[in-house]
Student: 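Have a look at this one before I ask anything.
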Amino acid sequence: MEQYDHKKIEKKWQRFWQEKHTFEAGEDQKKEKNYILIEFPYPSGDGLHVGHVRSWTALDIVARKRRAEGKNVLYPIGWDAFGLPTENYAIKTGKDPRIVTKENTDTFRRQIQSLGISFDWSREINTSDPDYYRWTQWIFLQLYRQGLAYKAKTYINWCPKDKIGLANEEVIDGACERCGTPVEKREKEQWMMAITKYAQRLYDDLDTVDYIPQAKLQQRNWIGPSQGAEIRFPIKDSDRSIAVFTTRPDTLYGATYVVLAPELLLAAQLAEQAENRDELKEYIVATQQVSEMERTAEGKEKTGIEMKGIRAINPVTKKEIPIFVANYVLGGYGTGAVMGVPAHDQRDYLFAKRFHLPIQTVLEPLITKKEGEDALQSSLPLVERRSVVAVIKHWSEDKYLGVRWKRTNWQAFVIGGIEAGEDAAAAGKREIREETGYRNATPVRSLGGTVHAQFYQTLKQENRFAHFEPMLFQLENAERDPITPEEQALHDLVWLSPEEMDAFITHPDMQIIWDRVKGNECYTGEGILIHSGTFDGLESEVAKEKITASVDGVPRTVFRLRDWIFSRQRYWGEPIPMIQCPSCGWVPVPESELPVLLPEVDRYEPTDSGESPLAAITSWVETTCPSCKGPAKRETDVMPNWAGSSWYYLRYCDPKNTKQFASEDTLRYWTPVDWYNGGMEHTTLHLLYSRFWHKALYDLKLVPTSEPYMKRTSHGLILAAGGEKMSKSKGNVVNPDDIVERYGADALRLYEMFLGPFDQPVAWNEDSIIGVRRFLERVWKLAKQPTAQEPAPETEQLLAHTIAKITSDIESLKCNTAVSQLMIMLKTFEQYAPTEEQLQIFLQLLAPFAPHIAEEVWQGKGNTSLLEELPWPTYNPEILVSKEVTIAVQINGKVRSTISAPLDAPEQEVIERARSDNKVQTWLARGTETRVMYVPGRVVNFILDL
RNA sequence: GCCGGGAUGGCGGAAUUGGUAGACGCGCGACACUUAAAAUGUCGUGAGCUCGUAUGGGCGCGUGUGGGUUCGAUUCCCACUCCCGGCACCA
């Protein structure tokens, strides 16, 4: 018998598909379209990564299935070719990046074609091709005309090694994302993209698309809207005021100081008038030398300086409060000034502690019934084990009272259980008095409380409590009733030092509570206002509005998102098509002159001044102003590599168009992208940038939809064997070529699909690739066996189930279970030979996963049509309904036996059948039956008193 | 620190979303074929205790940890630990 020779078969079909243009998207716009997109690769010198194979194979399976379902599928591929690694390579070797790119893309193309992925190669694009970047430049000009591209002098993140400005988004842990060099701050004129103008829409429109939840969430967090208010704090003896942005106007009565960001103009101006003016100026200068990342790094000590002699006035309390300049406030966010509310903000709290500023509590926590119940639940074990159930701080000394309740009567166990109609603080005081004999104890803050199980049950049944508030009580100024002998008998009351307390507490849950007490955090949640004048008793949500209105504050939404720095002082990117004229200012290059070609240079390094190498080519820089025809200079910065990838999916629709980036006609047909898959690492930057460009183009009526991608999924990383990232330096990179050579493309595809859940990271483990290879060889063998005339009863239902499972698994990218289903089907066919028709269905289901072998086997059967051109198999759903089902019989929830019964058997009959089972009878004899549960078709459960 | 995701046999992982935990594959063991090995095929394989000469049966245990809800929890709730990804004082 002829052996399964993957090399021969795979080469044959790959050539066939290429010659016949099998996977090129059709032009027939009457047919229903389906646009499937993967992130086009950066053609690095390392060649194809097995991670590429994972993502592209998964979507290839979807594409092939949808073609079989009769859709006109567009599944394109191209190259995201501009970028730093290529440029750095060019700098090192002196080789033209164009040539490097050509070599790399040739390698990638060959590697991809050996995988049998059904890309439409006729639409291949390359972002570094002038025919492509002509349109990238063109789109830039449209955005410029909309006022979305502008030049601004900003403090930028400056990488001293790459000599390049980085977007904030490109800085990782204070270091350059690419080279790891610590980032410095430097002032620079840069082209900016006003993405913040679209912040609200980028946020809101996430509701209209089907992204995996994590991706939506990550985008939302990145955009990060905060609703709050701008409130003015007047400066004493001055007509000026400080505008602060706060999300917590409800805590305004607790604002005991104001802080300005060092880079704020106002800070510099006020410093001039301050008594300690030199000290302040020095601090302001020093702070700005440090990069923002470093300045705001975790664990970095908060520094700040008071502006002596200048006071602000809290607009509600009218009290004079100090003004600080401090590094923990950022100039670029909100108004660049904040009010300090140490009682209810963690950073403010630490700052106030450090500078000995007053801390004024203005909120009491409000615990909902739900939270109360949860707190009760988690504290039950404490009670039952008679452990420490409350920690009470001594009124003057650094001592804590560990209370170990002895009483078993439930009433004794309530700490802060609030009865309906009772005030939280009052309830706490009552409890503390009853339990410890201390009067006038003041609740300080939430702790986690405790209650007896029986009491909890009673409360739950009677629904008696409004809130449950576990809290810490401060015994300052509290009076102590004498401890009676009865009390002494009821409780162990001991005053302990913190060290003794450490030893005293053994239960892990109590440990957590104790740690919180020691940590002495401030309360940052919402609650009910206190010490807030006429606003006392209001809940935070209501108070925010009312307090804001009372001081003429302005409600405002502030975004975390910042404008996109678009300039790069580098070589290997799209030239920005702008000309600076001494008399006309910035003038766009006329569209007829696009593309502005990237000129060839001798040296690729940025100049020492940080300018692009293009700046050195005088003949290119010197030009005439398109407007006044006078002498002018070209912009020498280039675009970031995000530019070309922000719109590439549009070019695929009409890649050869020389009049437009894509015709209206093709855009209307193909867009939006139906399914876009990519890495989680691109869910913030690339995805957000391209959504932004798309929306801007939509507003210009250049694209027909407001969102580019209807559906977005993400794949998990493929890690090296040890669970580490694959990297050249570690020498643990797996080259797909080797696997294709040894096991074949079909085996590699199946293997990567079988590895594990698609959206989770997996470690490469070559040991198990042999399993899928064996599977393919068994398929090969099966096809050579004689087929049956009549379908075997053992196979009919399973085949229908297999069609159903694979059809739905592909749609949810659960390819691992789809492959396992194919294996189960194969095993059954090895026992009970399939008919010709059954074998055909099996091959059709296999084809998206392992297209070469499926097609070869199909052709080997004497068929002249292509397997993949047959319509996707269907099944009769009725066949899936079993008449007889196995039902588990449980005794007290444990499976003791199984019985068989008709699916539609009435409950009584099934229970009787279960009752008469031998094993069940022995169990039933041992106790008294109190109850029987029946879950139709699944489980009978007898509940016995044993 | 915050946000998101995860933890299941020796290993990768299944589990109809609250109903017989461990599908499928790898590995391992036994057997068959073979002079032998490889390849292939068949069967077995969570771990413990236990009954039986034996085919086989029984019992408690078991999905990161500690609790809770439920007739029943890998699945839901609370608290925690560790791992992966993202973010950085965002007021």
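All heavy atoms count here, side chains included; hydrogens, waters and symmetry mates do not. Numbers restart at 1 for each chain; the letters A, B, ... are given by sequence-line order, proteins then strands. Quick caveat, the model's predicted, so the values are computed rather than measured.
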Student: With the 90 degree cut-off around zero defining syn, does B:rU17 come out syn or anti?
Tutor: syn

Student: Hey, does A:Lys216 reach any base, or is it just sugar-phosphate, or nothing, if we go heavy atoms under 4.0 Å?
Tutor: nothing

Student: Could you work out the separation of B:rU34 and B:rG46 based on their C1' atoms and round it to a whole Å?
Tutor: 35 Å

Student: Mind telling me whether A:Trp780 and A:Tyr4 have parallel, tilted or perpendicular rings, with 30° and 60° as the class edges?
Tutor: tilted

Student: Tell me if the side-chain of A:Asn941 makes a donor-acceptor pair with the base of B:rC71, cut-off 3.5 Å, by modelled atom types.
Tutor: yes

Student: Roughly, in whole Å, what's the span from CZ in A:Arg773 to C1' in B:rC24?
Tutor: 20 Å

Student: Whether A:Arg938 contacts B:rU20 is assessed here as follows: a side-chain N or O lying under 4.0 Å from the phosphate OP1 or OP2. Is that the case?
Tutor: no

Student: Out of B:rA21, B:rA15, B:rC71, which nucleotide sits closest to the side chain of A:Thr817?
Tutor: B:rA15

Student: Answer yes or no: is there a side-chain heavy-atom contact under 4.5 Å between A:Tyr875 and A:Thr807?
Tutor: no

Student: Roughly how far apart, to the nearest Å, are B:rA47 and B:rA21 at atom C1'?
Tutor: 14 Å

Student: Can you check whether A:Arg896 has a side-chain N or O nearer than 4.0 Å to OP1 or OP2 of B:rG60?
Tutor: yes

Student: Look through every strand shown and name the nucleotide pairing with B:rC76 as Watson-Crick or G-U wobble, where both distances are under 3.5 Å.
Tutor: B:rG68

Student: Just compare B:rA23, B:rA91, B:rG6 and give me whichever is closest to any side-chain atom of A:Thr246.
Tutor: B:rA91

Student: Counting only Watson-Crick pairs (N1-N3 plus N6-O4 or O6-N4) and G-U wobbles (N1-O2, O6-N3), all under 3.5 Å, who is the partner of B:rA7?
Tutor: B:rU81

Student: What does A:Thr886 touch in the nucleic acid at a heavy-atom separation under 4.0 angstrom: a base, only the sugar-phosphate, or nothing?
Tutor: base

Student: A:Val935 has a side chain; which of B:rC59, B:rG19, B:rC87 sits nearest to it?
Tutor: B:rG19

Student: Any base atoms under 4.0 Å from A:Thr898, or only sugar-phosphate, or nothing? Heavy atoms, all strands.
Tutor: base

Student: Enter the distance from A:Asn314:CG to A:Phe233:CZ here, rounded to the nearest 0.5 Å.
Tutor: 5.0 Å

Student: Can you measure A:Gln219 atom CD to B:rC3 atom C1' for me and round it to whole angstrom units?
Tutor: 14 Å

Student: Taking only the side-chain heavy atoms of A:Lys781 (C-beta and beyond), determine which of B:rU40, B:rG5, B:rC71 contains the nearest atom.
Tutor: B:rU40

Student: Identify whether any heavy atom of A:Val895 sits under 4.0 Å from a base atom; if not, whether one sits that close to sugar-phosphate; answer base, sugar-phosphate or nothing.
Tutor: sugar-phosphate

Student: Roughly how many Å is it from CD in A:Glu830 to P in B:rC43, rounded to a whole number?
Tutor: 11 Å

Student: Taking the nucleotide of RNA chain B with the nearest heavy atom to each, does A:Lys827 or A:Phe245 sit closer to the 5' end?
Tutor: A:Lys827

Student: So, is A:Asn816 close to the B:rA14 phosphate, meaning a side-chain N or O under 4.0 Å from OP1 or OP2?
Tutor: yes

Student: Mind checking if A:Pro757 touches a base, just sugar-phosphate, or nothing, with heavy atoms under 4.0 Å?
Tutor: sugar-phosphate

Student: Tell me whether the NZ or CZ atom of A:Arg220 lies within the 45° cone about the ring axis of A:Tyr203 and under 6.0 Å from its centre.
Tutor: yes

Student: Using both distances under 3.5 Å as the test, list the Watson-Crick or G-U wobble partner of B:rC49, or none.
Tutor: B:rG58

Student: How many Å lie between CZ on A:Phe233 and C1' on B:rA91, as a whole number?
Tutor: 12 Å

Student: At less than 4.0 Å, is any side-chain N or O atom of A:Arg774 found next to OP1 or OP2 of B:rG41? Yes or no.
Tutor: no

Student: Examine A:Lys919 relative to A:Trp923 and say whether NZ or CZ is less than 6.0 Å from the centre of the six-membered ring and inside a 45° cone about the ring axis.
Tutor: no

Student: With both distances kept under 3.5 Å, what pairs with B:rC43, Watson-Crick or G-U wobble?
Tutor: B:rG29

Student: Quick one: A:Tyr211 OH to B:rG5 C1', roughly how many Å, whole number?
Tutor: 20 Å

Student: When both hydrogen-bonding distances must be under 3.5 Å and the geometry is Watson-Crick or G-U wobble, what is B:rC2 paired with, if anything?
Tutor: B:rG86

Student: To the nearest Å, how far apart are A:Phe942 CZ and B:rC71 P?
Tutor: 17 Å

Student: Considering only side-chain heavy atoms of A:Asn221, which listed nucleotide, B:rC3, B:rA91, B:rG13, is closest?
Tutor: B:rC3

Student: Could you state the CD1-P distance from A:Ile887 to B:rG19, rounded to the nearest angstrom?
Tutor: 15 Å

Student: Please evaluate the base of B:rU40 for a donor-acceptor partner in the side chain of A:Arg778 within a cut-off of under 3.5 Å?
Tutor: no

Student: Which base sits across from B:rU34 as a Watson-Crick or G-U pair, both distances under 3.5 Å?
Tutor: none

Student: Answer with yes or no whether A:Gln890 presents, from its side chain, a donor or acceptor under 3.5 Å of a partner atom in the base of B:rG19.
Tutor: yes

Student: How would you label the contact of A:Val762 with the nucleic acid (heavy atoms, under 4.0 Å): base, sugar-phosphate, or nothing?
Tutor: sugar-phosphate

Student: Would you indicate, yes or no, if B:rC24 has its OP1 or OP2 atom less than 4.0 angstrom from a side-chain nitrogen or oxygen of A:Lys805?
Tutor: no

Student: Syn or anti for B:rG9? Use the chi torsion, O4'-C1'-N9-C4 for purines and O4'-C1'-N1-C2 for pyrimidines, with syn inside 90° of 0.
Tutor: syn

Student: Rounded to the nearest 0.5 Å, what separates atom CE in A:Met753 from atom CZ in A:Arg54?
Tutor: 7.0 Å

Student: How far, in whole Å, is B:rG6 from B:rU65 if one measures between their C1' atoms?
Tutor: 16 Å

Student: Starting at the 5' end of RNA chain B, which residue's closest nucleotide do you reach first, A:Gly334 or A:Ile770?
Tutor: A:Ile770

Student: Which nucleotide wins on minimum distance to the side chain of A:Ala888, given the candidates B:rC11, B:rC26, B:rU20?
Tutor: B:rU20

Student: Using Watson-Crick or G-U wobble geometry with both distances below 3.5 Å, tell me the partner of B:rG12, or none.
Tutor: B:rC24

Student: Could you state the interatomic distance from OG1 (A:Thr251) to CG (A:Asp345), rounded to the nearest 0.5 Å?
Tutor: 8.0 Å

Student: Nearest to the side chain of A:Ser820, heavy atoms from C-beta on, is which of B:rG4, B:rA23, B:rC71?
Tutor: B:rA23

Student: Is there a side-chain contact between A:Tyr751 and A:Tyr743, using heavy atoms and a 4.5 Å cut-off?
Tutor: no

Student: Between atom CZ in A:Phe758 and atom P in B:rG6, what is the gap in whole Å?
Tutor: 16 Å

Student: Any carboxylate oxygen within less than 4.0 angstrom of a Lys/Arg side-chain nitrogen, looking at A:Glu777 and A:Arg773?
Tutor: yes

Student: Which is true for A:Lys919 with a 4.0 Å heavy-atom rule: it touches a base, it touches only sugar-phosphate, or it touches nothing?
Tutor: sugar-phosphate

Student: Please work out if A:Met933 contacts a base, only the sugar-phosphate, or nothing of the nucleic acid, heavy-atom cut-off 4.0 Å.
Tutor: base

Student: Rounding to an integer number of angstrom, what distance separates B:rC89 and B:rU16 when you compare their C1' atoms?
Tutor: 47 Å

Student: Check whether any side-chain nitrogen or oxygen of A:Arg931 sits under 4.0 Å from OP1 or OP2 of B:rC71, and answer yes or no.
Tutor: yes

Student: Can you tell me if A:Trp780 touches the phosphate of B:rU40, counting only side-chain N or O atoms and a distance under 4.0 Å to OP1 or OP2?
Tutor: no

Student: Go through A:Asn677 and A:His715 one step at a time and tell me if the side-chain hydrogen bond (donor to acceptor under 3.5 Å, both in side chains) criterion holds.
Tutor: CA-CA 7 Å; A:Asn677 185 73; A:His715 56 265; 3.0 Å; yes

